[in-house]
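Step one of this worksheet: look at the structure below.
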Amino acid sequence: ASGSIDFSDITAAEKNDASLQSLVRFAMEREAAEELSATFNPNGRNTTITGFSRYLARGGKPEFFGISQTTARLEQLRPPKSDLRYVSGIWGLPMKPTNADLKKTIDGLLAEGASKRRRYSLSMVVCLLLAREHLDHTPVSFLS
């Protein structure tokens, strides 16, 4: 999912932690909830920020990337009716909840995104590359 930080995110995120990272994590999870019907563990740290960049073509505004772990099952994820025209589909790949299997899944997604059959957006490719790079240096914890 992708999206923007809203002013209301600042107020909501400040209740827990006034840091930029907390704000970005909060906004990422809110966007995933709005755009995918994703649910999250209210007591856990569900999102790991993996990097940021600036796209000149988008006026140089900051873009943040991360990995979020939802508590929703694949069949529960769906876009809102207003976004159906922008979503080509929601699908999943089986994987074990380990960093090694997550890296393997990301590598498979990168290979698929480079194929002629399926082309990913620049943001999706950067997100996957940053996630892969992050996992090489810092393992993520999986919710049980």
Side-chain angles (χ1 to χ4, degrees), residues 1-55 57-58 60-115 118-144:
S2 64
S4 299
I5 292 175
D6 295 337
F7 285 114
S8 61
D9 293 333
I10 297 168
T11 305
E14 283 179 343
K15 290 178 184 175
N16 297 324
D17 175 4
S19 71
L20 177 61
Q21 288 187 4
S22 176
L23 171 62
V24 171
R25 274 193 298 274
F26 181 88
M28 285 180 172
E29 291 171 18
R30 178 193 50 77
E31 282 288 339
E34 287 177 4
E35 294 185 9
L36 301 172
S37 304
T39 55
F40 296 96
N41 179 348
N43 300 321
R45 193 168 187 170
N46 305 291
T47 300
T48 300
I49 299 169
T50 58
F52 72 96
S53 68
R54 293 179 183 266
Y55 294 156
R58 292 185 179 175
K61 71 178 184 79
E63 304 277 342
F64 294 91
F65 301 90
I67 301 170
S68 294
Q69 186 175 185
T70 179
T71 56
R73 294 184 317 275
L74 180 61
E75 61 272 8
Q76 294 173 305
L77 299 177
R78 64 195 174 289
K81 289 180 183 176
S82 60
D83 286 353
L84 284 175
R85 65 180 177 226
Y86 305 113
V87 179
S88 62
I90 296 175
W91 44 271
L93 298 172
M95 62 164 267
K96 297 178 190 114
T98 66
N99 282 275
D101 216 40
L102 180 53
K103 285 195 268 189
K104 182 178 163 185
T105 301
I106 290 170
D107 290 341
L109 288 168
L110 284 165
E112 182 179 83
S115 73
R118 186 184 298 268
R119 293 263 183 219
Y120 294 157
S121 68
L122 174 60
S123 290
M124 179 66 155
V125 173
V126 171
C127 186
L128 290 169
L129 289 170
L130 288 171
R132 182 65 168 87
E133 177 74 18
H134 180 83
L135 290 168
D136 283 342
H137 302 287
T138 310
V140 296
S141 298
F142 289 86
L143 301 172
S144 18

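In this text, all values refer to a predicted model and were calculated from it rather than measured experimentally.
The two atoms that bring Ile5 and Ala27 nearest to each other are CG1-CB, 3.5 Å, heavy atoms only. When every heavy atom of Phe40 is checked against every heavy atom of Ala32, the shortest pair comes out as CZ-CB, 3.8 Å. Heavy-atom minimum distance, Arg73 versus Gln76: N-OE1, 2.6 Å. In terms of heavy atoms, Ala72 sits closest to Ala38 at CB-CA, 4.4 Å.
The side-chain heavy atoms of Leu102 and Phe142, taken from C-beta on, include a pair separated by under 4.5 Å. Glu112 is listed as a side-chain neighbour of Tyr120, based on a closest heavy-atom distance under 4.5 Å. Counting heavy atoms from C-beta on, the side chains of Val126 and Phe65 come closer than 4.5 Å. Counting heavy atoms from C-beta outward, Ile106 and Leu135 have side chains that approach closer than 4.5 Å. At least one side-chain heavy atom of Pro79 sits under 4.5 Å from a side-chain heavy atom of Ile90.
At least one donor-acceptor pair closer than 3.5 Å links the side chain of Asp9 to the backbone N or O of Asp6. Side-chain atoms of Asn99 come within 3.5 Å of backbone atoms of Val140 as a donor-acceptor pair (strictly under, hydrogens ignored). Between the side chain of Ser37 and the backbone N or O of Leu77, no donor-acceptor pair lies under 3.5 Å. Formation of a donor-acceptor pair under 3.5 Å by the Thr71 side chain with backbone atoms of Thr39 is found in this model.
The side-chain hydrogen bond (donor to acceptor under 3.5 Å, both in side chains) test applied to Arg45 returns no partner, not counting sequence neighbours. A search for side-chain hydrogen bond (donor to acceptor under 3.5 Å, both in side chains) contacts involving Thr47 returns Glu29, Ser68, not counting sequence neighbours.
With salt bridges taken as basic N to acidic carboxylate O contacts below 4.0 Å, none links Glu63 and Arg54. A salt bridge links Arg132 with Asp136: the closest approach of a Lys/Arg side-chain nitrogen to an acidic carboxylate oxygen falls below 4.0 angstrom.
In this structure, OG in Ser22 is found 11.5 Å from CD1 in Ile10, a value given to the nearest 0.5 Å. Interatomic distance, NZ of Lys104 versus OG1 of Thr98, reported as 9.0 Å (0.5 Å rounding). Going from atom CD of Glu31 over to atom CD of Glu34 covers 5.0 Å, rounded to the nearest 0.5 Å. The distance from the CD atom of Glu133 to the OG1 atom of Thr138 is 9.5 Å, given to the nearest 0.5 Å. One finds the OG1 atom of Thr48 at 10.0 Å from the CD atom of Gln21 (value rounded to the nearest 0.5 Å). Taking CZ of Phe26 as the reference point, atom OG of Ser8 lies at 7.0 Å (rounded to 0.5 Å).
Other residues, nucleotides and ligands contribute more than 12 heavy atoms inside 6.0 Å of the OH atom of Tyr55. The neighbour count for Lys61 NZ, taken as heavy atoms of other residues, nucleotides or ligands under 6.0 Å away, is above 12.
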